[in-house]
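Each remark here refers to the structure printed beneath this line.
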2 protein chains.
Amino acid sequence: MEKEEQLKLENQICFPIYSVSRLITRAYKPYLEKLDLTYPQYLVLLVLWEENSLSVNKIGQKLLLNTNTLSPLIKRMEKNELLTRNRSKDDERTVLVSLTEKGLSLKDKASSIPQDLLNILLNQDVEFSDVILLKKTLDSWIDILAQDSESTTNK
Amino acid sequence: MEKEEQLKLENQICFPIYSVSRLITRAYKPYLEKLDLTYPQYLVLLVLWEENSLSVNKIGQKLLLNTNTLSPLIKRMEKNELLTRNRSKDDERTVLVSLTEKGLSLKDKASSIPQDLLNILLNQDVEFSDVILLKKTLDSWIDILAQDSESTTNK
DNA sequence: TATATTTGCATCGCACACGATATAGTCGTG
DNA sequence: CACGACTATATCGTGTGCGATGCAAATATA
């Protein structure tokens with residue numbers, strides 16, 4: 001393909017990913033608003049619902065987010081009484097994040113959200129197999145890109 | 001799939017899209033820094049390189065961004081002398097955005113970026129056909145999700 | 001033509017992302 | 001034990017995204 005052609009918006013692979021990401025966050029909004037959550041906050045809860053009491057660092061590893069994003073985010077969630085923050089006794093540098101009753105109780109209310117969102121796509125004739133394939137491709141890209149960006153990140 | 005299972009991070013489709021989007025922006029950074037551009041600013045230039053002199057509204061339609069995001073972004077670009085903003089004479093409400101010499105000249109310097117980024121993936125054994133397929137799937141999702149969110153947006 | 005509605009853009013406030021930097025705690029080595 | 005290197009978290013500044021709102025110009029409608 002010509003370089004001229006490659007610069008056209010319609011030929012960029014980066015743009016659809018960027019757009020779909022934002023559109024998905026937008027699609028989540030009405031569901032998450034009912035729980036008084038933002039999308040990144042929901043992601044933190046997803047992680048904690050699987051394993052209560054994780055360090056900020058561990059959460060960051062799972063979500064590929066650095067502490068300069070997570071620290072304020074988690075503090076806002078603490079303010080909303082979704083979780084607690086406690087310095088570890090083993091290592092005073094480590095902050096252990098644990099769910100409160102309230103944070104834990106949201107799990108039930110959120111349990112139907114993934115299916116609801118999936119249905120928006122399936123109702124518009126998207127094949128479930130396409131969703132699976134897409135996820136598989138993206139997961140492999142994460143491995144490549146996360147590894148590639150490790151060196152430049154203040155991890 | 002059980003609801004319990006669906007709430008696991010590894011089973012979310014939203015998370016890989018969100019992550020890959022951020023990782024791609026991160027991968028662009030070193031290339032765009034050389035041109036003193038951010039990623040969204042680069043997107044605006046992509047649009048203007050195709051068609052100089054567009055209204056803020058038209059740019060927003062192409063990038064799926066609202067004026068509350070675009071207005072300050074475009075003003076920053078004006079400050080960096082990449083473009084000019086002029087009220088249309090036909091319709092005083094409309095602001096026409098046009099490239100400056102400097103903004104136009106960046107096109108050449110940016111021309112190899114898409115291929116450079118693509119190579120990061122291809123060098124890690126990603127098949128080009130997978131890239132094409134992914135783009136095709138995402139493009140169809142954009143149609144679905146953009147339409148779906150039209151009602152809630154302050155367009 | 002007067003007025004109500006719509007449209008295009010801008011501003012404000014809040015919540016991310018993230019590079020750069022700071023700080024305190026821990027560890028490794030002499 | 002001292003001290004330099006490393007680690008975990010936090011803070012700051014800048015630039016998005018976006019809902020809510022404001023405002024002026026254009027358009028529709030009575």
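Because the structure is a prediction, the values reported are computed rather than measured. The chains referred to below are lettered A, B, ... by the order of the sequence lines, with proteins before strands, and numbering in each begins at 1.
- Across the protein-nucleic acid pair, B:Leu70 atom CG and C:dA10 atom C1' stand 12 Å apart, rounded to whole Å.
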Could you go through residues 75-82 of chain A and list every donor-acceptor pair under 3.5 Å that involves a side-chain atom there, pairing it with any protein atom two or more places apart or in another chain?
unit_1  : atom_1 : unit_2  : atom_2 : d
A:Glu78 : OE1    : A:Arg85 : NE     : 3.2

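- Rounded to whole angstrom, the span from the CD1 atom of B:Ile74 across to the P atom of C:dA10 amounts to 7 Å.
- Counting only residues at least two apart or on different chains, no side-chain hydrogen bond (donor to acceptor under 3.5 Å, both in side chains) pair has a member in residues 125-134 of chain B.
- Taking only side-chain nitrogens and oxygens, B:Lys58 never comes nearer than 4.0 Å to OP1 or OP2 of C:dG8.
- Mapping A:Leu64 and A:Ser88 onto DNA chain C by nearest heavy atom places A:Leu64 at the nucleotide closer to the 5' end.
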Report each atom pair, protein N/O against N/O of nucleotides 2-7 of chain D, whose distance is under 3.5 angstrom.
unit_1 : atom_1 : unit_2  : atom_2 : d
D:dT7  : O4'    : A:Arg93 : NH1    : 3.4
D:dT7  : O2     : A:Arg93 : NH1    : 3.1

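- For B:Lys34 and B:Tyr31, the positive end sits near the middle of the six-membered ring, less than 6.0 Å away and at most 45° from its axis.
- Separating the NZ atom of B:Lys29 from the P atom of D:dT16 is a distance of 10 Å, rounded to the nearest angstrom.
- Spacing between atom CG of B:Leu37 and atom C1' of D:dG15 amounts to 13 Å, rounded to whole angstrom units.
- A:Lys8 is linked by a salt bridge (Lys or Arg N to Asp or Glu O under 4.0 Å) to A:Glu5, counting only residues two or more places apart in sequence or in another chain.
- Protein atom CD1 of A:Ile24 is 16 Å distant from nucleotide atom P of D:dG17, rounded to whole Å.
- Note: CG (B:Leu63) to P (D:dC18) measures 12 Å, nearest angstrom.
- Considering only heavy atoms from C-beta on, B:Leu32 comes within 4.5 Å of B:Tyr39 through its side chain.
- With values rounded to the nearest 0.5 angstrom, B:Leu43 atom CG is found 9.0 Å from B:Leu73 atom CG.
- Neither OP1 nor OP2 of D:dT9 sits under 4.0 Å from any side-chain N or O of A:Lys75.
- Of the two residues contacting DNA chain C, namely B:Val95 and A:Asp90, the nearest-nucleotide position lying further toward the 5' end is that of B:Val95.
- The nearest whole Å value for the distance from the NZ atom in B:Lys89 to the C1' atom in D:dA26 is 18 Å.
- Relative orientation of the B:Tyr28 and B:Tyr42 rings is tilted, given thresholds of 30° and 60° on the angle between their planes.
- B:Lys62 pairs by the salt bridge (Lys or Arg N to Asp or Glu O under 4.0 Å) definition with nothing, not counting sequence neighbours.
- Residue contacts for A:Thr25: at a heavy-atom cut-off of 4.0 Å it reaches no nucleic acid atom on any strand shown.
- With B:Gln124 as the partner, the side-chain contact (heavy atoms from CB on, under 4.5 Å) test is satisfied by one option alone out of A:Leu145, A:Asp143, A:Ile144: A:Ile144.
- Put simply, OH on B:Tyr28 is 16 Å from P on D:dT16, counting in whole angstrom units.
- Here A:Thr67 does not reach the OP1 or OP2 of D:dT9: none of its side-chain N or O atoms lies under 4.0 Å away.
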Under 3.5 Å, which protein N or O atoms sit close to an N or O of nucleotides 15-17 of chain C? Give each pair with its distance.
unit_1 : atom_1 : unit_2  : atom_2 : d
C:dC16 : OP1    : A:Thr38 : OG1    : 2.7
C:dC16 : OP2    : A:Gln41 : NE2    : 2.9
C:dC16 : OP2    : A:Arg76 : NE     : 2.7
C:dC16 : OP2    : A:Arg76 : NH2    : 3.2
C:dC16 : O5'    : A:Arg76 : NH2    : 2.6
C:dA17 : OP2    : B:Tyr18 : OH     : 2.6

